[in-house]
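Written below as C-alpha cells is the structure these notes are about.
The residues of the chain are indexed from 1 along the displayed sequence. Note: hydrogens, waters and symmetry copies are ignored here, and every other heavy atom, side chains too, is used. Just follow the structure's listing: the first ligand is 1, and inside any ligand the first atom is 1.
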Amino acid sequence: MLADDQDIIMPSNFAWGAATSAYQIEGGWDADGRGPSIWDTFCHKKGKVFQDQSGDVACDSYHLWEEDLKCIQQLGLTHYRLSLSWSRLLPDGTTRRINQKGVSYYNRVINDLLANGVSPMVTLHHFDLPQALQAQGGWQSPQIADLFDSYAQFCFQTFGDRVKLWLTINEPYIYAKFGHEDGCHAPGLDQPGVSLYLAGHNMLRAHARAWHSYDALYRPTQGGQVSLALFSDWAEAHDPSSALDVAAAERYMAFVLGWFAWPIFVNGDYPPEMKARVEAASRAQGLPSSRLPTFSKEEPRILGTADFFALNYYTSRRVWPGSGPAKIGFEGDLEVERDVDPAWPVCGNSWLAVFPEGLRKLLKYIKDKFGNPTVYITENGFSQVGPVEIEDARRCRFFRDTLLQVSKAIHEEGADVRGYFAWSLLDNFEWADGYRVRFGLYHVDFAHPRLKRTPYRSGREYAQLIAQNKTSARS
Ligand code: GAL
C-alpha cells in the first residue's frame with residue numbers, strides 16, 4: 001500500500017463506481033429488433049472513425065453481460081453507471097413500438113446488479129439518438145423535447161421501481177459541439193455557430209421536461225433522483241497576473257460548463273457573457289438576432305431541474321484571449337486560445353493532459369458558482385494508446401492522485417462529493433478513435449472469440465482502494 005492511500009478518505013456511503021455507455025460496449029447492433037442509432041449510421045460511412053471501426057460488436061455486452069457482471073463483482077463496486085440504448089427499447093424512437101427483448105435485457109442487467117448489492121445509475125441518452133428521429137431533425141427539432149419526455153417516462157415506468165439514480169443526457173456540450181459543429185461525432189454536422197446552440201437548447205428543454213415528469217409523476221412513489229451529466233475541463237489563466245487571461249478563463253468556463261449549468265443551477269438562462277458575446281458576433285455577421293436561442297416563458301422552467309450535479313472531468317487547459325481573425329461559430333464567439341502546462345503529462349490521446357488538481361479546483365468552482373450542490377463525478381479516466389500495458393503503473397498513480405484530490409476537495413474545500421465513477425469498466429469503442437484508445441479497468445481482447453476481459457493492475461488497485469475505504473468507513 002502506498003503512503004498516500006491513508007489520505008484518501010471518502011464519506012460513508014460514498015458511491016464507488018465505474019461507467020460505460022450502451023453504444024460503446026453492447027454490440028448486437030441489429031440483434032433482436034434493435035433499431036439503428038446515429039452512431040450506426042456514422043460508423044457505417046467510410047472515413048468517419050479510425051480504421052472504419054464501429055460498435056457493431058464492441059465488447060458484445062448484449063450477449064456477454066455475465067462477463068461484465070463478474071468484473072463489477074471483482075471490483076467490489078457499490079454503483080455501476082450504464083446507459084440505455086433508446087433504439088434498442090424503442091426502435092423508431094417513439095413509444096408506438098416497444099421492443100420487449102430490449103426491455104428484458106435491461107431488466108436482467110438491473111436485477112443482477114441489485115442482487116449483487118450494486119446500485120445502477122442509468123443514463124437515458126449517451127450520444128446514440130435513434131436514426132429515425134435524426135431523420136426528423138434530431139436534436140435541432142423542437143419536437144424532440146416531447147419525444148424525449150415520452151421515452152424518459154417509458155423508462156421511469158419500466159425500470160424506475162428499481163433505478164433510483166437517473167441521468168437524462170450525457171454531455172450535451174460534447175454532443176452539440178462534436179456532432180453539430182466540428183462534425184467529428186455523429187450526426188456529423190458542421191454548421192458553425194447555429195446548429196450546436198439549437199441542439200444544446202433542445203437538450204436543455206428535453207432534460208427539463210423529463211425532470212418535471214419525474215418530479216410530478218414518479219418521484220412520489222419511486223423516490224429517486226434525476227440530473228444530467230455535464231462535461232467540463234478546468235480552465236485557468238495562462239498568466240495568473242494578467243486580468244485578460246483571468247477573464248478568458250472565466251469565459252471558457254462559462255461557455256463550456258455554464259452553457260448548461262447556468263440555466264439549471266443559477267437563473268434559468270444562459271450565462272450573461274455567453275449571451276452578450278453570441279449576440280454581438282451574430283449582429284456583426286449581419287444576422288437579425290442572436291444565434292443563441294432564448295428560453296420561452298411558456299416552457300416548463302429549467303431552473304432547479306437537477307437533484308444533484310453530475311460531472312465528467314478529464315483534463316485542464318491554460319487559456320488566454322484569442323487574437324486571430326474572428327472565426328464564425330463557437331470558437332469565434334468564445335475567442336480563447338489554450339494549451340496545456342508542459343508539467344501535465346499527456347496520456348494516451350493528445351487531448352488528455354493529466355492534472356488531478358484541476359478536478360479539485362473545478363469542484364471548488366462548482367461549489368462556489370452553483371450553490372454547493374451534491375456532486376457525483378460520473379466520469380474520469382486515463383487512456384492507453386499503443387502496446388497494451390496490463391501492468392499500467394501510470395494509470396494506478398493517476399487514480400490515486402485523482403482520488404486524493406477528490407478527498408481534499410471534500411475535506412479542505414467543503415465540496416459535497418458523494419461518488420466517483422471511473423471511466424470505464426472495460427476497454428470499449430472510443431467513438432471516432434475506435435478501439436485504438438483504451439480506458440478500461442479491464443482489458444478487452446477484441447480478437448478473442450469471447451472478448452476476454454482481464455483486469456489491468458489499475459483495476460486490481462481500484463478494487464483494493466474500494467475495499468479499504470469500505471473497511472475504514474465502517475470502523
Ligand atoms: C466522454 C464520453 C464517454 C467517453 C469518454 C472518454 O466524453 O462521455 O463516452 O468516451 O469521454 O473519452
As a check for students: among T20, L352, N170, T123, identify the option with a heavy atom nearest to atom 8 (O) of ligand 1.
N170
Face-on cation placement of R395 at Y456 ring, 6.0 Å and 45° thresholds
yes
Please report which non-hydrogen protein atom sits nearest to atom 3 (C) of ligand 1, along with the residue it belongs to and the distance in Å to one decimal place.
E379 OE1, 3.4 Å
Give me the one residue out of F127, Y23, F42, W29 that meets ring pair (Phe, Tyr, Trp, His ring centres under 6.0 Å) with F429.
Y23
What do we get for F231 next to ligand 1 when only non-hydrogen atoms under 4.0 Å count, side chain, backbone, both or neither?
neither
Output the list of atoms in ligand 1 that are nearer than 4.0 Å to some heavy atom of W431, sorted by atom number.
3 (C), 4 (C), 9 (O), 10 (O)
Whether W423 lies under 4.0 Å from ligand 1, heavy atom
yes
With the side chain counted from C-beta on, respond yes when Y365 and S232 share a heavy-atom pair under 4.5 Å apart, and no when they do not.
no
Identity and distance of the protein heavy atom lying nearest atom 5 (C) of ligand 1:
Y314 OH, 3.2 Å
Do R81 and F421 meet the cation-pi criteria used here (NZ or CZ under 6.0 Å from the six-membered ring centre, within 45° of the axis)?
no
Where do D128 and W39 come nearest, in terms of heavy atoms and distance?
CA-CD1, 4.3 Å
Only one of Y313, Y420, Y314 forms a side chain to side chain donor-acceptor pair (under 3.5 Å) with E379, so which one is it?
Y314
With a 4.5 Å limit on heavy-atom distance, are the side chains of D333 and F255 in contact?
yes
Return the residue, atom name and 0.1 Å-rounded distance of the protein heavy atom closest to atom 6 (C) of ligand 1.
E430 OE2, 3.4 Å
Atoms of ligand 1 under 4.0 Å from any heavy atom of F439, numbered from 1 in the order shown, are 6 (C), 12 (O)
Considering the heavy atoms of H126, write down every atom of ligand 1 situated less than 4.0 Å from one of them.
2 (C), 3 (C), 8 (O), 9 (O)
Give a yes/no on ligand 1: does W351 have at least one heavy atom closer than 4.0 angstrom to it?
yes
Measure from the side-chain N and O atoms of S458 to the backbone N and O of D392, and report whether any donor-acceptor pair falls under 3.5 Å.
no
Filtering Q24, E171, H185 for the heavy atom nearest atom 7 (O) of ligand 1 leaves E171
